[in-house]
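Single-structure report; data block below.
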Number of protein chains: 2
Amino acid sequence: MISMKTDLKTDRELSAQIADAIRNAIIDGSLIVDERLPSEAELSEQFHVSRPTVREALKRLAAQNLIRTRRGATGGAFVNRLRFEEAYGQQITTSTLLLSMNDVDFETACEARFTLERACVALSAKRHTGDHMATMRAEIHRQSQPGLSDEAFCASDVAFHRALVDGAQNPVLSYQLAGAIEAIEPLMNMITFSARSREEIVALHTEIANAIEAGNGNAANKTLERLAEYTVELANTVFQKRKQK
Amino acid sequence: MISMKTDLKTDRELSAQIADAIRNAIIDGSLIVDERLPSEAELSEQFHVSRPTVREALKRLAAQNLIRTRRGATGGAFVNRLRFEEAYGQQITTSTLLLSMNDVDFETACEARFTLERACVALSAKRHTGDHMATMRAEIHRQSQPGLSDEAFCASDVAFHRALVDGAQNPVLSYQLAGAIEAIEPLMNMITFSARSREEIVALHTEIANAIEAGNGNAANKTLERLAEYTVELANTVFQKRKQK
DNA sequence: CAGCTTTAATTGTCTGACAAATGATTTCTA
DNA sequence: TAGAAATCATTTGTCAGACAATTAAAGCTG
């Protein structure tokens with residue numbers, strides 16, 4: 001039994017209320033990970049609704065990655081273990097839409113991103129592994145390739161910064177930062193990166209990687225601040241040029 | 001027309017594929033905010049599926065707050081403007097479940113929270129308004145009330161810290177921090193706060209509020225660090241006691 | 001005992017229907 | 001004619017019943 005409060009109101013969609021009831025059961029621990037929910041037929045009896053209505057409720061939960069379903073004799077709906085890696089995607093999608101739909105300006109988004117990132121570098125300097133360094137170096141190398149498109153340059157930039165954050169070895173930090181770092185990519189993609197500016201960014205990235213490798217979080221922090229300033233400056237000139245046209 | 005790639009595969013649920021198609025149309029801008037989607041009947045024609053299948057797809061999107069629906073003559077499904085305030089809830093639910101389902105220990109969650117928070121105080125010290133200060137002072141006052149339950153104390157703690165972060169006046173920061181700050185509340189709720197420890201926390205909160213009001217982000221940062229250490233220490237003694245039993 | 005077949009359970013999808021809400025239209029009335 | 005009331009058309013919300021597809025377990029067969 002999910003919850004005995006089966007007294008559904010009439011002022012909201014039934015499928016939404018049922019989804020809420022099940023979601024709450026998951027949150028408060030009445031339903032634990034990998035536990036099987038009652039079959040759709042049983043749920044429709046319990047809640048006194050039809051099977052399509054139950055199914056709509058289950059699809060709502062599936063959209064939030066809270067359950068998975070399997071057909072067949074031993075099939076059904078099961079409570080999902082929400083994993084950090086899977087939650088990234090959702091987090092990034094939402095963050096991206098928030099920026100674009102609320103007309104957040106580049107400076108605000110950039111400030112948030114670099115502020116959060118600077119918070120992580122001290123930990124990253126202490127805890128990073130060879131893997132993180134290797135990723136950072138590889139991305140720096142990619143960024144200095146001549147024929148690289150602006151989009152690929154941005155993507156590499158994102159990869160570099162994610163490795164930087166992942167170096168802190170705190171999954172909660174990595175998760176929270178994913179949204180801030182990735183969501184800004186579409187905005188960065190509007191920038192045209194000249195050879196000169198790429199050089200500058202690569203130099204700053206290298207400086208950051210060196211500081212991290214040396215365990216000097218303070219230096220990395222300061223360079224990151226310069227990178228933040230440079231990025232905003234770059235964006236401003238681009239956007240001002242756009243305006244003039 | 002949402003997308004002409006109506007060649008749906010057979011290896012995934014149709015409703016999931018349709019939801020993806022519409023979601024992508026929203027993300028890439030083919031569907032703009034407040035635009036009305038085709039009616040369910042029209043969508044089922046376009047995608048060559050039945051109405052219940054279309055409905056399941058729409059419910060998936062509704063669960064992510066991407067659309068809203070209205071009945072009636074001029075009703076239908078409309079693209080939602082995703083707002084920061086509405087996204088908070090989702091973000092908090094997900095963060096909370098991530099912590100509990102992945103057995104993230106208190107120290108890791110706490111580290112993430114305070115690391116991110118400390119990143120914000122410099123901005124908060126510069127930009128906070130009277131409202132933010134008033135909220136912080138009010139919550140500090142509430143926390144020093146004698147008859148307060150542990151749960152209410154935690155809730156007030158959360159409110160204090162959110163006001164602190166909101167003081168930075170950067171909606172992106174507030175959004176990202178919401179998850180980190182609120183998700184830890186269930187873990188904090190497992191702690192019993194003695195009168196002595198409450199006094200200590202209130203003292204630290206007061207010190208932080210004073211520093212913010214004085215525009216001294218550096219001092220606030222340092223006090224926040226002490227608060228982080230004290231919180232972890234408190235939790236450790238509680239959890240060690242639990243273990244001994 | 002291994003391999004095949006059957007069976008039962010469960011989700012995925014479809015059809016058709018009616019209820020409820022809601023704005024637009026028409027009709028009625030003063 | 002102006003305003004109120006009734007009607008209509010459109011659309012989502014819900015229901016009932018059916019069948020297909022999938023899957024594991026049980027039963028059968030050599």
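Chain A is the first sequence line, chain B the second, and so forth, proteins listed ahead of strands; every chain is numbered from 1.
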Taking only residues two or more places apart in sequence, or in another chain, which ones meet A:Asp157 in a salt bridge (Lys or Arg N to Asp or Glu O under 4.0 Å)?
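For A:Asp157, the residues satisfying salt bridge (Lys or Arg N to Asp or Glu O under 4.0 Å) (neighbours in sequence not counted) are A:Arg113.
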
The criterion is salt bridge (Lys or Arg N to Asp or Glu O under 4.0 Å); which residues satisfy it with A:Arg137, sequence neighbours excluded?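 For A:Arg137, the residues satisfying salt bridge (Lys or Arg N to Asp or Glu O under 4.0 Å) (neighbours in sequence not counted) are A:Glu213.
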
What integer distance in Å separates [X]:[atom1] from [N]:[atom2]?
X: B:Leu43; N: C:dC14; atom1: CG; atom2: C1'; answer: 17 Å
X: A:His48; N: D:dT14; atom1: NE2; atom2: P; answer: 16 Å
X: B:Arg68; N: C:dT22; atom1: CZ; atom2: C1'; answer: 16 Å

The criterion is side-chain hydrogen bond (donor to acceptor under 3.5 Å, both in side chains); which residues satisfy it with [X], sequence neighbours excluded?
X: A:Thr108; result: A:Asp105
X: B:Asn80; result: B:Arg68
X: B:Glu111; result: A:Arg127, A:Asn170
X: A:Ser156; result: A:Glu139, A:Gln143

Margin query: Can you classify the ring geometry of B:Phe193 versus B:Phe153 as parallel (below 30°), tilted (30 to 60°) or perpendicular (above 60°)?
Written below: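 Tilted.
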
Would you give me the side-chain donor-acceptor pairs under 3.5 Å for residues 54-64 of chain B, sequence neighbours excluded?
| from | atom 1 | to | atom 2 | distance (Å) |
| --- | --- | --- | --- | --- |
| B:Arg55 | NE | A:Glu56 | OE2 | 2.7 |
| B:Arg55 | NH1 | B:Glu40 | OE1 | 3.4 |
| B:Arg55 | NH1 | B:Glu40 | OE2 | 2.8 |
| B:Arg55 | NH2 | A:Glu56 | OE1 | 3.3 |
| B:Arg55 | NH2 | A:Glu56 | OE2 | 3.3 |
| B:Glu56 | OE1 | A:Arg55 | NH2 | 3.3 |
| B:Glu56 | OE2 | A:Arg55 | NE | 2.8 |
| B:Glu56 | OE2 | A:Arg55 | NH2 | 3.3 |
| B:Lys59 | NZ | A:Glu13 | OE1 | 3.3 |
| B:Arg60 | NE | B:Ser15 | OG | 3.3 |
| B:Arg60 | NH2 | B:Glu13 | OE1 | 2.9 |
| B:Arg60 | NH2 | B:Ser15 | OG | 3.2 |
| B:Gln64 | OE1 | B:Arg23 | NE | 2.9 |
| B:Gln64 | OE1 | B:Arg23 | NH2 | 2.9 |
| B:Gln64 | NE2 | A:Gln90 | OE1 | 3.2 |

| Angle between terminal axes - the helix from C:dC1-D:dG30 to C:dA30-D:dT1, 5 pairs each end, rounded to 10° |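 The helix from C:dC1-D:dG30 to C:dA30-D:dT1 shows an end-to-end axis angle of 20°.
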
Collect all protein-nucleotide pairs involving nucleotides 7-13 of chain D in which both atoms are nitrogen or oxygen and the distance is under 3.5 Å.
| from | atom 1 | to | atom 2 | distance (Å) |
| --- | --- | --- | --- | --- |
| D:dT10 | O2 | B:Ala73 | N | 3.1 |
| D:dT11 | O4' | B:Gly72 | O | 3.0 |
| D:dT11 | O2 | B:Gly72 | N | 3.4 |
| D:dT12 | OP2 | B:Glu40 | N | 3.1 |
| D:dG13 | OP1 | A:Glu13 | OE2 | 2.9 |
| D:dG13 | OP1 | B:Thr69 | OG1 | 3.0 |
| D:dG13 | OP2 | B:Arg55 | NH1 | 2.9 |
| D:dG13 | OP2 | B:Arg55 | NH2 | 3.3 |
| D:dG13 | OP2 | B:Lys59 | NZ | 3.0 |
| D:dG13 | O4' | B:Arg71 | NH1 | 3.1 |
| D:dG13 | O6 | B:Arg51 | NH2 | 2.7 |

